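Just so it is clear, the model here is predicted, and its values are computed rather than measured.
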Amino acid sequence: MNAKIDSVWVTNFNNKPINLIQKYKGKHILLLLYNNSCLGCTGRAIPLAYKIKQEFSFVEVIGIHCNFGTTPITFDEIKRIFTTQELPFPIYLDENHSVYDLFKSEGTPQWVLLNSKSEIYRSIFGSQANAENRLYYALESLL
């Protein structure tokens with residue numbers, strides 16, 4: 001049996017706390033835990049998340065910037081990594097890396113796929129081909 005998650009608390013860019021489990025209740029959720037300073041995240045994982053959003057409409061793709069330092073990141077800094085001025089999927093902040101810790105992440109990027117019952121279906125580290133293949137296999141098996 002997969003571990004059920006009751007809450008994933010993040011903040012939006014107005015510093016408002018949001019429980020993603022409550023907000024996306026009953027939906028499959030793909031969380032991308034990343035850091036704006038991570039080249040694997042911004043160069044491979046973010047574009048992959050966008051591609052997944054286009055190909056798998058049944059899953060909510062959500063980015064979570066995990067902050068490991070003491071300096072908060074701004075909305076403009078997040079937006080700077082995208083070619084358009086609009087975010088391609090929702091992005092939230094994990095200012096104290098508590099979400100990162102909750103999922104026992106191995107580093108960034110960390111992908112966490114939650115099924116519609118809010119259970120951890122898969123957790124995959126990385127952005128290289130092997131991680132991408134495992135991620136696609138997990139998504140396809142949820143269909």
Side-chain angles (χ1 to χ4, degrees), residues 1-14 16-69 72-143:
M1 183 171 155
N2 297 330
K4 184 167 174 30
I5 302 297
D6 294 319
S7 61
V8 175
W9 286 100
V10 293
T11 56
N12 65 15
F13 289 97
N14 295 321
K16 178 184 174 199
I18 296 169
N19 179 357
L20 296 178
I21 298 301
Q22 183 179 18
K23 182 173 174 119
Y24 297 98
K25 185 176 181 138
K27 297 183 179 186
H28 298 301
I29 303 170
L30 177 61
L31 302 175
L32 168 58
L33 282 64
Y34 80 99
N35 184 280
N36 247 37
S37 300
C38 164
L39 294 178
C41 297
T42 58
R44 289 187 300 270
I46 295 277
L48 177 57
Y50 178 74
K51 183 179 170 187
I52 288 169
K53 181 180 185 235
Q54 304 306 308
E55 294 178 19
F56 296 92
S57 59
F58 70 91
V59 69
E60 295 289 334
V61 176
I62 300 167
I64 301 176
H65 169 79
C66 302
N67 192 354
F68 302 102
I73 193 160
T74 67
F75 180 70
D76 286 338
E77 290 170 316
I78 293 283
K79 242 179 18 178
R80 224 174 272 140
I81 65 170
F82 297 98
T83 54
T84 64
Q85 289 301 304
E86 196 172 298
L87 297 179
F89 46 83
I91 295 181
Y92 298 97
L93 304 173
D94 179 21
E95 287 297 346
N96 300 314
H97 58 81
S98 57
V99 175
Y100 178 90
D101 295 341
L102 170 70
F103 292 113
K104 298 174 178 53
S105 300
E106 299 174 52
T108 58
Q110 181 78 36
W111 304 87
V112 180
L113 181 57
L114 302 172
N115 66 20
S116 59
K117 297 174 189 171
S118 303
E119 298 168 332
I120 299 174
Y121 189 71
R122 296 285 186 281
S123 183
I124 299 166
F125 168 70
S127 63
Q128 300 281 351
N130 184 38
E132 183 175 344
N133 290 341
R134 291 174 56 213
L135 191 52
Y136 267 80
Y137 178 77
L139 288 162
E140 288 168 358
S141 69
L142 274 179
L143 285 172

**Asked** Is the centre of the H65 ring less than 6.0 Å from the centre of the Y34 ring?
**Response**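 Here the rings of Y34 and H65 have centres that are less than 6.0 Å from each other.
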**Centroid separation Y50 to F82 less than 6.0 Å** =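 Not under 6.0 Å, so no.
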For the backbone of [Y] and the side chain of [X], can you confirm whether one donor and one acceptor N or O come within less than 3.5 Å of each other?
X   : Y    : result
H28 : S116 : yes
D94 : V10  : no
K4  : K117 : yes
T84 : E86  : yes
N35 : S37  : yes
N96 : S98  : no

**Prompt:** Does atom CG of L39 have more than 12 heavy-atom neighbours from other groups under 6.0 Å away?
**Reply:**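 Not buried by this count: 12 neighbours or fewer within 6.0 Å.
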Closest approach of [X] to [Y] (non-hydrogen atoms, all atoms of both residues):
X    : Y    : result
I91  : I78  : CD1-CG2, 3.9 Å
S105 : L33  : OG-CD2, 3.5 Å
K53  : P88  : NZ-O, 3.0 Å
V59  : L30  : CG2-N, 3.6 Å
W111 : G126 : NE1-O, 2.8 Å
N36  : T42  : O-CG2, 3.4 Å

Side chains of [X] and [Y] in contact at under 4.5 Å (non-hydrogen atoms):
X    : Y    : value
Q128 : N130 : no
L32  : I62  : no
I5   : I120 : yes
I64  : L20  : yes
K51  : E132 : yes
T108 : F68  : yes

Show every donor-acceptor pair shorter than 3.5 Å between a side-chain atom in residues 134-142 and any protein atom, with sequence neighbours excluded, or say none if there are none.
from, atom 1, to, atom 2, distance (Å)
Y136, OH, E55, OE1, 3.0
S141, OG, Y121, OH, 2.7
S141, OG, Y137, O, 3.4
S141, OG, A138, O, 2.8

Could you grab the distance from atom [atom1] of [X] to atom [atom2] of [Y], nearest 0.5 Å is fine?
X    : Y   : atom1 : atom2 : value
T11  : I18 : OG1   : CD1   : 8.0 Å
S127 : I46 : OG    : CD1   : 10.5 Å
C66  : I73 : SG    : CD1   : 11.0 Å
I81  : C38 : CD1   : SG    : 10.0 Å

**Request:** Check ring-ring contact (aromatic ring centres under 6.0 Å, His included) between F13 and all other residues, then give those that pass, not counting sequence neighbours.
**Result:**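 Result, ring-ring contact (aromatic ring centres under 6.0 Å, His included) vs F13: F75.
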**Asked** Judged by modelled atom types alone, do Q110 and S123 share a side-chain donor-acceptor pair under 3.5 Å?
**Response**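 Yes.
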